Amino acid sequence: MLHYFIIFMSLLCLTLFTGCGGGGGVGGGVIGSTQPTAASLFETDEFLRQEGLALINASSMYAAGGTGANVKVGVADSGINQVETLASSNDRINIDATASFNFDGANVAGSASDNDGHGTHVAGIIAAPKNDVGVHGIAFDATVANYRIMDNAGIVSATDADLAQMLSIARANDVNIMNNSWGSNVAINDAGAAGQIAALTNFSNEAKTYVANGGVLVFAAGNSSRANPSAEAGIPEQVADLEAGWIVVMAVDLNGNEPIFTNRCGVASDYCIAAPGGGDLGGTGILSMDTVPDSTVRLSGTSQAAPHVSGALAALKSLFPTLTLQQIRSRLFITANKTGSFANTSIFGQGLMDLNAASNPVGGLSIPTSGSITGAKFGVAGNGVPSSNHIVLPRAILRDLNLQKNVLVVDNFQNAPFQISTQYLVSAIEAKPSYQPYFAKFNSRKKVNQTKSSFRAVSYSDGYQGLQSHWQSGAFSYGMGHYSLRRAVDESAIKLPQSILNRLDGNNVSAIFSHSLNEKVLSVAYTDHVSDLATNYADKTDQNTPYGYSRALSISLAFDINQGIYLGLTSSKISQMQRPLGLDSSGVFSSSENREVDNYGFLLGKTFGLHRFGFGLSIDDFDRVNGSLIQADKTSMVSKTASWSFDSPSGFELYSRLNDEAYRGGVIRLVLPESVDAQGQITRKGYLIDLSDSLSSIEAVFGMRLPISNSANFRSEATYRNFGNGDGLGGISVNYEKLF
């Protein structure tokens with residue numbers, strides 16, 4: 001039967017908030033884990049015996065790395081029995097004897113033993129070691145400072161001055177979490193509450209200093225079945241400057257229901273939370289350590305609920321070292337389970353503590369772009385997967401960079417640090433080519449003048465489809481063309497132009513107007529297509545194409561100079577680049593919203609009988625890249641093309657082309673945040689991408705055209721490209737062209 005230890009004193013009524021359940025055997029347990037390790041790995045038998053751990057999803061916190069390491073928790077109680085389930089020192093609670101103190105009569109420094117069992121039980125809930133024996137604490141790697149304030153019967157014997165000194169000693173020894181599983185049966189709204197609090201004036205004043213220096217005091221709500229917590233737990237109701245570092249804890253049973261014994265949050269709902277404290281019946285208490293070696297015992301009470309919260313503070317502090325304990329307090333409140341019955345603030349306050357939610361991002365994620373976790377940051381979209389911040393690199397580049405495995409991000413609630421896989425931010429373009437003859441290339445021209453009208457429909461095996469019509473009189477020509485790219489069923493890559501320019505043939509333009517007079521042609525073209533480059537990164541798998549575009553305006557001029565010598569000049573203005581410098585980038589990796597490229601080039605050709613030779617030079621100038629995490633100086637791509645073709649009188653054609661592309665000034669500096677220290681200073685790792693080594697290339701093309709009829713041609717090309725990094729790509733295309 002549940003009973004209470006209560007003693008009445010003239011001014012102060014203090015006791016343990018504990019109910020004693022029956023049975024000393026092994027009972028339920030808890031465990032949990034999520035990212036980056038699976039939570040299930042922490043759900044051992046030892047974990048599951050302490051059912052409270054599973055109820056608050058502690059395994060998720062362990063998987064994320066929150067274990068309480070290097071964090072101290074003060075336990076103001078009846079002392080701690082240092083002989084636990086095993087005799088080995090590795091299997092004992094880690095106690096800081098220097099920070100501990102015995103206030104029960106002797107008033108001496110050091111860790112005091114426990115003759116009552118209450119303090120040992122509470123300390124075990126906080127920090128019992130994880131050793132696959134019995135149960136482990138919620139912060140099993142934490143260190144405990146043992147403050148004995150009770151006598152052998154579990155009655156508070158420490159004076160008001162002693163309790164104030166306890167906080168002073170704790171603060172001096174970096175013990176910034178203080179668990180208080182003690183109090184009276186006087187509720188904060190009772191007539192006697194003022195007297196109870198007045199008797200703790202020194203303690204309250206020292207608590208102000210403790211809170212002002214970042215400390216957090218955790219108080220059990222009390223076991224009197226009252227609508228409000230005890231006077232001691234509710235001190236902030238009457239003493240200012242305490243609430244920011246104060247937590248009251250009411251109890252729920254092992255099923256998450258409200259037991260009869262617990263005081264409710266009531267007027268303290270703004271700084272009160274629910275945690276496992278056990279049930280009303282024997283055998284339903286929280287399993288933890290006993291004073292008898294190699295044994296455990298079940299006890300119920302808000303005394304058992306409070307150390308769950310104190311341990312959670314320690315474990316989360318080890319997970320989020322850049323957060324203050326008072327920030328972690330706020331995190332526990334905002335992430336608590338507020339669904340169903342837990343939405344009733346007068347009972348459960350902020351809700352049932354949920355360590356899965358507390359150890360995960362709150363309010364979305366951002367990428368820090370400065371050297372401090374509190375500095376500038378760039379938000380990312382959607383459940384922690386920053387799909388709106390992405391950079392796609394050719395696989396040859398990505399392979400050589402040897403990027404870090406994870407990238408540091410922070411949540412938008414408190415800048416809490418998290419690690420996400422680099423693959424969410426950086427991915428590769430596969431080196432898989434396809435070939436499209438006469439698609440936006442410097443091809444050798446026949447004579448500029450055309451003598452007939454034509455309508456042509458083409459459909460190539462690599463997904464390039466289009467229509468083109470042409471009409472010309474003796475002095476005037478008009479052409480309309482439309483070409484589109486469609487991915488074939490078995491083709492995961494789309495071959496885009498080597499350069500995004502409208503070449504003299506104008507085959508890649510949506511609309512073209514040309515005027516010819518005396519062997520001179522002026523062509524003005526506007527292109528606006530291939531817009532799907534902005535999405536579906538997985539589809540952008542062609543390393544042959546350094547960059548794609550949305551729209552361009554080009555002017556081309558072609559004319560015969562003298563006796564078979566012809567010259568072509570072209571200039572283009574390209575806007576809204578989708579792959580500047582070979583990169584698909586967005587969000588924090590994007591240099592600007594309007595990425596522009598200027599192009600200019602020429603083609604010089606000579607006809608010798610049935611042979612034609614040509615030489616072309618094209619220069620694409622890219623603006624300086626000055627993004628948050630990526631930078632590059634002004635860069636140019638120089639493309640040089642030499643071509644030869646042979647046209648027989650029968651219409652049979654042989655041709656070859658050699659194209660050399662090289663980047664000048666093509667060094668890109670990429671920076672990724674890697675880690676953060678306890679002071680919030682970020683370590684960032686830099687990477688240099690040398691486009692000259694990776695994307696510069698030499699391409700050789702050999703092709704033939706064979707007339708099948710007056711209106712149909714068979715065409716085949718063999719292409720091989722060698723990149724600066726040594727990779728080579730080759731392929732053969734076979735096409736059927738039909739003139740209608």
Side-chain angles (χ1 to χ4, degrees), residues 2 17-34 39-63 66-68 84-85 120-140 181 220 223 249-262 273-290 295-312 315 332 336-337 340-342 348 351-359:
L2 188 68
F17 286 152
T18 308
C20 297
V26 175
V30 201
I31 163 174
S33 113
T34 51
S40 59
L41 296 179
F42 291 88
E43 295 169 0
T44 62
D45 291 342
E46 182 185 17
F47 171 92
L48 295 171
R49 293 185 192 108
Q50 210 286 66
E51 296 97 334
L53 296 177
L55 186 62
I56 55 178
N57 301 314
S59 58
S60 296
M61 179 179 66
Y62 301 148
T67 64
E84 299 165 7
T85 55
T120 300
H121 198 267
V122 167
I125 293 173
I126 295 173
K130 188 176 186 296
N131 56 13
D132 295 323
V133 177
V135 294
H136 67 68
I138 188 171
F140 48 80
S181 292
N223 300 332
V249 188
M250 64 86 63
V252 296
D253 65 19
L254 301 180
N255 295 313
N257 300 315
E258 180 191 12
I260 296 173
F261 65 79
T262 185
I273 197 169
D280 294 302
L281 302 176
T284 62
I286 299 297
L287 190 69
S288 185
M289 297 186 309
D290 195 6
S295 69
T296 54
V297 65
R298 287 185 179 274
L299 297 176
S300 292
T302 56
S303 283
Q304 281 59 51
H308 281 86
V309 175
S310 297
L332 284 176
N337 183 353
S341 61
F342 299 126
F348 300 101
L352 176 64
M353 185 169 66
D354 183 350
L355 297 183
N356 175 47
S359 57

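Not measured: the values here are computed from a predicted model. FYI, side chains are in, hydrogens and waters are out, and symmetry mates aren't considered; it's all heavy atoms of this structure.
The closest side-chain heavy-atom distance from Gln304 to His121 is below 4.5 Å. For the pair Arg298/Glu51, a side-chain contact is recorded, criterion being any heavy-atom separation below 4.5 Å from C-beta on. For the pair Val133 and Glu46, the minimum side-chain heavy-atom distance is 4.5 Å or more.
Taking CE from Met353 and CG from Leu332, the interatomic distance works out to 6.5 Å, rounded to the nearest 0.5 Å. Rounded to the nearest 0.5 Å, atoms NE2 (His136) and CD1 (Ile126) are 14.5 Å apart. If you take CD1 on Ile56 and NE2 on His308, they are separated by 5.0 Å, rounding to the nearest 0.5 Å. The line from CD1 of Ile260 to OG of Ser300 is 11.5 Å long, rounded to the nearest 0.5 Å. The CG atom of Asn257 sits 7.0 Å away from the OG atom of Ser341 when rounded to the nearest 0.5 Å. Distance check, rounded to the nearest 0.5 Å: CG of Asn57 to OH of Tyr62 gives 11.0 Å.
In terms of heavy-atom proximity, Ala139 sits nearest to Gly68 at CB-CA, 4.1 Å. Contact between Ile138 and Gly311 at its shortest, heavy atoms only, is CG2-CA, 3.3 Å. Between Thr262 and Pro259, the shortest heavy-atom contact is CG2-O, 3.4 Å. Nearest heavy atom pair, residue Leu55 against residue Pro276, reads CD2-CG, 3.8 Å. Nearest heavy atoms, Val249 versus Ala275: CG1-CB, 3.7 Å.
A distance-only check finds no donor-acceptor pair linking the side chain of Thr302 to the backbone of Ala220 [under 3.5 Å]. In this structure, the side chain of Asp280 engages the main chain of Phe261 through a donor-acceptor pair within 3.5 Å. Panel note: side chain Thr284, backbone Leu281; a donor-acceptor pair is recorded below 3.5 Å. Between the side chain of Ser181 and the backbone N or O of Ser303 there is at least one donor-acceptor pair closer than 3.5 Å.
Side chains of Thr296 and Asp290: no donor on one and acceptor on the other come within 3.5 Å.
Just one of Leu254, Val135, Val122 meets the side chain to side chain contact (heavy atoms under 4.5 Å, CB included) condition when paired with Ile286; it is Leu254.
Residues passing the side-chain contact (heavy atoms from CB on, under 4.5 Å) test with Ala274 are Met250, Val252, Phe348, Leu352, sequence neighbours excluded. Partners of Ser288 according to the side-chain hydrogen bond (donor to acceptor under 3.5 Å, both in side chains) rule, which considers only residues two or more places apart in sequence or in another chain, do not exist here.
Residue pairs that meet the salt bridge (Lys or Arg N to Asp or Glu O under 4.0 Å) test with at least one member in residues 253-262, sequence neighbours left out, are Glu258-Arg264.
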